[in-house]
Chemist: 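Quick one: structure below, then a few questions.
Values below: all heavy atoms of this structure, side chains included; hydrogens, waters and symmetry mates excluded. Read the numbers this way: they start at 1 and go in the same order the structure lists the ligands and their atoms.
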Amino acid sequence: MAIVRVALDSRSYDIVIEQGVLDRAGSHLAPHARKGRLVVVTDRHVAAAQLPRLEASLRGAGVAVEPVILPPGEQTKSWRHLEELLDALLALEIERGDHVVALGGGVIGDLVGFAASILKRGCHFIQVPTTLLAQVDSSVGGKTAINSKAGKNLVGSFYQPSLVLIDPSTLDTLPARETRAGYAEVVKYGLIDDPDFFAWCEAKGHDLLAGDAQAREYAIERSVAAKAAIVADDERETSGRRALLNLGHTFGHALEADTGFSDLLLHGEGVAAGMALAFRYSARLGLCPAEDAERVTTHLKAVGLPHDLAGAHVKADGAALVAHMLHDKKMAAGTLPFLLARGIGRTFLSKDVVLDDVAAFLDEEQAAA
Ligand code: NAD
Ligand code: GLY
């Protein structure tokens, strides 16, 4: 078992990572069950695959379970399902001192976190992430959100959970494509500031994706330790350090937008192609050695993640993709901060990027695709 602490004064919390911990969740969660009861919010897929394990463990610890089961998919991060969830929690008489458990991927985690942040002006919540993306990224750090007509994640809050309980064995039932997409976020930590971890990914990424328990646990622990340190330093993304976690996301967002935020390109797949583009663009600007950009592309290719526009199913030209970027919420005062790299593990935030040049680069990428 590994425990990583997110140090945020009175909002500090532990991330517990342990193979099989879902079957022992009762002992971790019972202290948070006021009146011997916990509401567990999940989606239909996770309810079928993992909820029985959590329920059995909670019941074994003398905790009654009230499940709230929502539809799976990104569309659940919506006003409609937020309202449905809040109404369900109010009907279950959740009080400010209560904890609500989010069992699922980033969709359930983001929605439940947001609901918890506004229910009766704030109740507590616990993350039990069941996708690799949620285990290494979204369950940690307190970003919560729903989508609106104007775009993804535009309505939300910073609201930290009380505990994150990660059981890598829940990935046994996750579709392989989802695990691979989540793996892009693992690679991201190496590329940001940890070249040794990127080298570990090159050596062991295949093992992790094949279900090797040790590789999974190691990658999750190292990823959340990196994220916990960044969040403790820059919880609300004000100093620029937390923004590094968006490596690959500006390009990736444009690719996701062009493919209609559909199953054609999962979020992690967009991030993978986006990271490859960010490294190749950095190399084109003479900032990053071409060999480093090549290493990134080679690794993503080796594990079956998209690394170019064709692999991302994107046919749009550079100008259209840049137009998508301009709709991204990260645009500050008319400029588009861009994450570029001076090499593997040397990502930095640039405010000098010329968008016409990005469009020309993407046209070259499209021509080469
Ligand atoms: P998801 O929650 O939609 O889960 C993917 C699919 O896998 C769903 O169909 C789900 O039902 C299913 N599933 C989940 N766990 C399973 C399991 N163990 N077994 C079988 N099926 C399982 O997607 P995701 O990739 O986890 O999350 C994507 C969301 O995360 C996006 O909305 C994104 O905006 C958000 N996100 C948030 C942050 C943050 O910091 N808050 C960071 C990154 C991404
Ligand atoms: N996933 C980006 C962040 O948490 O800031």
Side-chain angles (χ1 to χ4, degrees), residues 6 22 41-54 69-78 81 102-114 117 125 127-147 151-161 164 166-186 188-189 192 216 223-224 226-228 230-231 233-250 252-253 256 261 263 265-271 329-330 339:
V6 184
L22 198 62
V41 184
T42 191
D43 71 32
R44 271 201 308 275
H45 293 157
V46 182
Q50 300 293 341
L51 181 60
R53 293 176 65 193
L54 180 58
I69 301 174
L70 299 170
E74 186 68 31
Q75 66 283 359
T76 298
K77 273 176 56 172
S78 62
H81 291 293
L103 174 74
V107 164
I108 289 296
D110 280 14
L111 177 73
V112 173
F114 186 43
S117 75
F125 81 116
Q127 292 269 19
V128 185
T130 62
T131 64
L132 185 58
L133 179 139
Q135 293 180 347
V136 300
D137 188 357
S138 66
S139 66
V140 174
K143 276 191 182 175
T144 82
I146 59 167
N147 306 323
K152 269 191 73 175
N153 294 329
L154 292 181
V155 179
S157 56
F158 285 99
Y159 197 67
Q160 302 294 341
V164 182
I166 303 180
D167 182 350
S169 81
T170 57
L171 303 179
D172 289 344
T173 59
L174 187 69
R177 183 179 172 201
E178 294 284 355
T179 307
R180 209 166 30 244
Y183 176 71
E185 306 278 5
V186 173
K188 183 183 80 177
Y189 292 107
I192 291 173
R216 274 177 181 168
S223 300
V224 296
K227 180 148 185 187
I230 289 175
V231 168
D233 189 49
D234 182 21
E235 183 185 10
R236 289 181 168 249
E237 209 167 305
T238 43
S239 77
R241 183 147 180 232
R242 186 164 181 167
L244 295 176
L245 293 171
N246 296 326
L247 174 64
H249 284 59
T250 300
H253 175 88
E256 282 187 87
F261 294 98
D263 282 353
L265 189 70
L266 301 179
H267 174 72
E269 294 170 341
V271 169
K329 67 181 184 306
K330 291 167 200 86
L339 287 160

Chemist: State the CG-NE2 distance between N246 and H253, to the nearest 0.5 angstrom.
Modeler: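 So the gap between those two atoms works out to 11.5 Å.
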Chemist: Are I108 and V46 side-chain neighbours, meaning at least one heavy-atom pair lies under 4.5 Å?
Modeler: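 Sidechains of V46 and I108: no contact.
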Chemist: So, taking the atom named CD in Q160 and the one named OG in S117, what distance separates them when rounded to the nearest 0.5 Å?
Modeler: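 Reported to 0.5 Å precision, the distance equals 11.5 Å.
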Chemist: Less than 3.5 Å apart, any donor N or O on the side chain of T170 or Q135 sitting next to an acceptor on the other?
Modeler: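 Note: T170 and Q135 side chains meet the donor-acceptor criterion.
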Chemist: Output yes when a side-chain donor or acceptor of D234 lies under 3.5 Å from a complementary backbone atom of R242, and no otherwise.
Modeler: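 It does hold such a pair.
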Chemist: Distances only, to 0.1 Å: what are the N or O pairs between ligand 2 and the protein that fall under 3.5 Å?
Modeler:
| residue | atom | partner | partner atom | Å |
| --- | --- | --- | --- | --- |
| ligand 2 | 1 (N) | D137 | OD1 | 3.1 |
| ligand 2 | 1 (N) | D137 | OD2 | 3.3 |
| ligand 2 | 4 (O) | K227 | NZ | 2.6 |
| ligand 2 | 4 (O) | R242 | NH2 | 2.8 |
| ligand 2 | 5 (O) | K143 | NZ | 2.9 |
| ligand 2 | 5 (O) | R242 | NE | 2.7 |
| ligand 2 | 5 (O) | R242 | NH2 | 3.4 |

Chemist: When you compare the side chain of D43 with that of T76, does any pair of heavy atoms fall below 4.5 Å?
Modeler: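 Sidechains of D43 and T76: no contact.
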Chemist: Between ligand 1 and the protein, which N/O pairs are shorter than 3.5 Å?
Modeler:
| residue | atom | partner | partner atom | Å |
| --- | --- | --- | --- | --- |
| ligand 1 | 2 (O) | G106 | N | 3.2 |
| ligand 1 | 2 (O) | V107 | N | 3.1 |
| ligand 1 | 9 (O) | H45 | ND1 | 2.9 |
| ligand 1 | 11 (O) | D43 | OD1 | 3.0 |
| ligand 1 | 11 (O) | D43 | OD2 | 2.7 |
| ligand 1 | 11 (O) | H45 | ND1 | 3.0 |
| ligand 1 | 15 (N) | T130 | O | 3.3 |
| ligand 1 | 15 (N) | T130 | OG1 | 2.8 |
| ligand 1 | 18 (N) | T130 | O | 3.0 |
| ligand 1 | 18 (N) | T170 | O | 3.0 |
| ligand 1 | 18 (N) | T173 | OG1 | 3.4 |
| ligand 1 | 19 (N) | T173 | O | 3.3 |
| ligand 1 | 19 (N) | T173 | OG1 | 2.7 |
| ligand 1 | 26 (O) | G106 | N | 2.7 |
| ligand 1 | 26 (O) | T131 | OG1 | 2.6 |
| ligand 1 | 27 (O) | G106 | N | 3.1 |
| ligand 1 | 32 (O) | E74 | OE1 | 2.8 |
| ligand 1 | 32 (O) | E74 | OE2 | 3.0 |
| ligand 1 | 32 (O) | K77 | NZ | 2.8 |
| ligand 1 | 34 (O) | K77 | NZ | 3.1 |
| ligand 1 | 34 (O) | N153 | ND2 | 3.2 |
| ligand 1 | 41 (N) | D110 | OD1 | 2.9 |
| ligand 1 | 41 (N) | K143 | O | 2.9 |

Chemist: Got a sec, which residues hit side chain to side chain donor-acceptor pair (under 3.5 Å) with D110, two or more places apart in sequence or on another chain?
Modeler: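 With sequence neighbours excluded, D110 shows a side chain to side chain donor-acceptor pair (under 3.5 Å) to K77, given in chain and number order.
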Chemist: Is it true that R177 and D263 have a side-chain N and a carboxylate O under 4.0 angstrom from each other?
Modeler: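 A salt bridge is absent here (no side-chain N lies under 4.0 Å from a carboxylate O).
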Chemist: Could you tell me which residues satisfy salt bridge (Lys or Arg N to Asp or Glu O under 4.0 Å) with R44, sequence neighbours excluded, listed by chain and number?
Modeler: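 So R44 forms no salt bridge (Lys or Arg N to Asp or Glu O under 4.0 Å) with any residue.
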